[in-house]
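For reference, the structure is listed below as structure tokens.
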Amino acid sequence: MSIRFYNTITRQKEAFQPLETGKVKMYTCGPTVYDYAHIGNYRTFIFEDLLRRYLEFRGFDVNQAMNLTDVDDNTIRRSRERDISLTELTDEFKAAFHADLKTLNMQAAQNYPEATNFIPQMINMISDLETKGYTYTTPDGSVFFNIGKYEQYGKLANLNPDEMLSGGRVADDSYEKEGARDFALWKGYKAEDGDVQWESPWGKGRPGWHIECSVMSTELLGPHFDIHCGGVDNIFPHHENELAQSVCATGADFVNYWLHSEYLLVDNKKMSKSLNNFYTLRDLLDQDYPAEAIRWMLITTHYRQKLNFSVSRLEEAQKAVNRLREFYSKLKAYDGSGEEDAEDQIRVADEQFTSAMDDDLNISGGLAAIFELVRWGNRSMVEGRLSATGANDLIILIRKFDHVLGVLDMESGLNVEIDADFIESKIADRNEARANKDFTTSDAIRDELVALGVELIDTPEGTKWKMK
RNA sequence: GGCGUGGUGCCCAAGUUGGUCUAAGGGAGUGGUUUGCAAAACCAUCAUUCGCCGGUUCGAAUCCGACCCACGCCUCCA
């Protein structure tokens with residue numbers, strides 16, 4: 001069986017066949033670094049992380065590039081509002097983004113290309129397009145891509161260019177382009193751009209938004225690569241335009257599989273900056289929602305399904321993570337000497353997980369396989385049937401699954417100062433009281449620690465504690 | 001107006017190239033086991049039903065038609 005992905009451009013699931021056996025080249029659209037990303041943005045990035053991790057689980061060597069847009073209307077406007085340089089602004093949010101990636105336990109991409117580091121290459125590609133006759137220049141020094149020159153335009157988004165005119169905001173556009181749907185490759189300098197400008201064959205200016213991805217993907221992955229991802233809002237116009245530019249400039253096929261993730265909703269409405277209904281990762285961590293609950297919530301609804309965000313979902317997510325974690329620590333602590341191994345269950349779970357995930361990352365099916373194994377494993381431990389070898393094999397399998405899920409070892413991201421020595425001494429006092437059957441005292445100590453957010457768990461191996 | 005997605009138990013959600021669905025899995029609830037208590041775990045229970053109506057079929061959550069509802073894209077946006 002092979003992996004199948006839903007390809008946006010053909011609107012159907014297709015067997016995944018990488019260009020080079022065993023290797024996958026993927027380009028994933030990253031953030032525009034003018035502000036903190038919200039968890040709707042992270043839904044997409046974490047989907048990309050899941051995809052990346054699953055491809056690795058299936059043995060592929062993945063080469064991923066995620067771009068950071070550090071020059072565009074938003075970054076320029078924000079830096080001027082704050083009266084700081086563009087670099088000062090974007091450096092701040094690049095750092096915040098990388099910190100968030102770590103908090104959410106996303107695997108680092110091989111490359112995080114930044115738009116401003118590729119200006120000369122962008123100018124080259126635009127010149128190339130100009131030479132080939134796909135562009136025109138306007139009096140203000142801007143260069144536009146003439147979509148009329150590219151017959152396939154609209155194929156990715158399934159839009160007919162001839163019918164797109166009506167809804168356009170032609171009047172709003174301050175550039176003097178010929179066709180309403182043409183898009184900027186290069187934007188001539190305007191006063192609002194402040195000191196953000198580069199020299200080019202067309203005069204001072206800055207790149208259009210779409211050209212950076214065409215250039216950086218080509219530079220890092222070549223003109224033709226396997227997978228390109230982003231949120232569904234990138235399909236049009238961004239990816240459509242990228243596709244047009246790349247194909248026209250390089251003559252190559254560009255991308256084989258386009259994968260797009262659906263929106264994160266709040267009260268059934270798209271989470272977005274403009275509706276002001278967004279939460280940043282920091283907002284949630286500050287409210288003590290652990291990072292692993294956020295990751296789990298974002299990862300466990302199929303990526304092409306809209307996901308309605310709510311606090312109760314975070315709480316459910318946390319419980320599911322806990323169930324998996326409890327199972328894992330029970331396995332590690334297991335000292336039973338039963339006769340039963342776990343070979344059959346492991347094989348079934350592995351097959352079920354893999355075949356579900358092979359089907360366009362059907363995470364629900366994958367989780368069902370895992371939790372069925374968890375229930376079986378718990379029971380066989382309770383009944384003492386499980387052998388030490390069986391427990392060990394289960395540990396290995398759970399770790400293997402966690403390479404995909406990435407939640408077992410996550411830090412919760414709570415900035416709580418914990419005095420471990422103090423808690424340990426309280427536990428010692430309590431156990432002394434328990435040994436003396438002085439349960440009044442032992443319960444008082446438990447309550448005292450609960451008030452501090454510390455939970456005690458009595459196990460055969462002694463008393464353990466954890467936060468919250 | 002054009003294009004598209006989704007409506008499954010109390011909540012989330014898989015299944016949607018028809019029969020193995022007498023509908024996975026997670027959460028909540030209820031009863032029980034275990035436990036000094038607590039937590040976790042385990043067992044049992046929890047949709048004759050898949051937005052609504054009609055049709056095709058021996059058989060439909062899955063196919064066809066109509067309808068209702070929600071959301072999205074066509075404009076910066078993950």
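A, B, ... follow the sequence lines: proteins, then strands. Residue 1 opens every chain.
Checked options Ile299(A), Ile46(A), Thr103(A), Leu314(A); the residue passing with Ile294(A) is Leu314(A) (criterion: side chain to side chain contact (heavy atoms under 4.5 Å, CB included)). Of the candidates Trp258(A), Phe5(A), Tyr257(A), Trp258(A) is the only one forming a ring pair (Phe, Tyr, Trp, His ring centres under 6.0 Å) with His228(A).
Stacking between Phe439(A) and the base of G36(B) is present: ring centres sit under 5.5 Å apart and the planes differ by under 30 degrees.
When the P atom of C76(B) is taken as reference, atom OH of Tyr34(A) falls 13 Å away, rounded to whole Å. In this entry the distance linking CZ of Arg304(A) with C1' of C73(B) reads 16 Å, nearest Å. Distance, Asp360(A) CG to U5(B) P: 14 Å, rounded to whole Å. Nucleotide C42(B) holds its C1' atom 16 Å from the CD atom of Glu372(A), rounded to whole Å. To the nearest angstrom, P of G25(B) lies 20 Å from CG of Asn322(A). To the nearest angstrom, C1' of C69(B) lies 13 Å from NZ of Lys269(A). Counting to the nearest Å, the P atom of U5(B) and the CG atom of Asn268(A) are 18 Å from each other. Between the NE2 atom of His238(A) and the P atom of U75(B) there is a distance of 16 Å, rounded to whole Å.
Within the 4.5 Å cutoff, the side chain of Thr69(A) has heavy atoms near those of the Glu212(A) side chain. When side chains are defined from C-beta on, Tyr27(A) counts as touching Cys213(A), because their heavy atoms get closer than 4.5 Å.
One N or O donor and one acceptor, one from the side chain of Arg446(A) and one from the base of A38(B), sit under 3.5 Å apart. Counting distance only, with no hydrogens placed and no angle test, the side-chain atoms of Asp458(A) and the base atoms of C37(B) include a donor-acceptor pair under 3.5 Å. Side chain Arg430(A) to base G36(B): a donor-acceptor pair is found below 3.5 Å.
Between C10(B) and U49(B), the two C1' atoms lie 15 Å apart (nearest whole Å). Distance check on atom P: U62(B) versus G55(B) gives 14 Å, rounded to whole Å. Using atom C1' as the reference point in both C52(B) and C68(B), the two lie 7 Å apart (nearest Å).
In RNA chain B, consecutive stretches of 3 or more Watson-Crick or G-U wobble pairs with both distances under 3.5 Å are given as paired ranges: B:1-7 with B:68-74, B:10-12 with B:25-27, B:29-33 with B:41-45, B:53-55 with B:63-65.
Base engagement by Met271(A) is indicated by at least one non-hydrogen atom pair under 4.0 Å involving a base atom. In this structure, Asp443(A) reaches the bases: a heavy-atom distance under 4.0 Å links it to at least one base atom across the strands shown. Within the nucleic acid shown, Gly230(A) comes within 4.0 Å of sugar-phosphate atoms alone, with no base atom in reach, counting heavy atoms only. Among the atoms of the strands shown, only primed sugar atoms or phosphate atoms (P, OP1, OP2) are found under 4.0 Å from some heavy atom of Asn158(A). If you check every strand for non-hydrogen atoms under 4.0 Å, Leu456(A) touches a base. Contact annotation for Leu264(A): base contact, defined as any heavy-atom pair under 4.0 Å involving a base atom.
For Lys319(A), no side-chain nitrogen or oxygen approaches OP1 or OP2 of G26(B) to under 4.0 Å. Taking 4.0 angstrom as the limit, Arg323(A) places a side-chain polar atom (N or O) nearer than this to OP1 or OP2 of G26(B). For Arg379(A) and C43(B), the shortest distance from a side-chain N or O to OP1 or OP2 is below 4.0 Å. Distances shown here put a side-chain N or O of Arg375(A) below 4.0 Å from the OP1 or OP2 atom of G25(B). Residue Tyr263(A) places at least one side-chain N or O under 4.0 Å from the OP1 or OP2 atom of C73(B). Taking 4.0 angstrom as the limit, Asn378(A) places a side-chain polar atom (N or O) nearer than this to OP1 or OP2 of C42(B).
Aromatic ring orientation, Phe401(A) versus Phe57(A): parallel (interplanar angle below 30°, classes split at 30° and 60°). His260(A) and His239(A) have tilted rings, their planes meeting at an angle from 30° to 60° on a 0 to 90° scale. Taking the six-membered ring where tryptophan is involved, the planes of Tyr42(A) and Phe97(A) are essentially parallel, since the angle between them stays under 30° and well short of 60°.
Counted within 6.0 Å of NZ on Lys94(A), heavy atoms from surrounding residues, nucleotides or ligands total more than 12; the atom is thus considered enclosed.
Taking the ring centre of Tyr6(A) as origin, the terminal cationic atom of Arg304(A) falls inside the region bounded by 6.0 Å and 45° from the ring axis. Taking the ring axis of Tyr34(A) as reference, the NZ or CZ atom of Lys273(A) stays within 45° of it and closer than 6.0 Å to the ring centre.
For the atom pair OG1 of Thr44(A) and OH of Tyr263(A), the computed distance is 9.0 Å after rounding to the nearest 0.5 Å.
Distances were taken from every side-chain heavy atom of His38(A) (C-beta onward) to each of A78(B), C73(B), A41(B); the shortest belongs to A78(B).
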Reading nucleotides 8-19 of chain B from 5' to 3' and marking B where a protein heavy atom lies under 4.0 Å of the base, S where only the sugar-phosphate is that close, and - otherwise, the string is ---BSSSS----

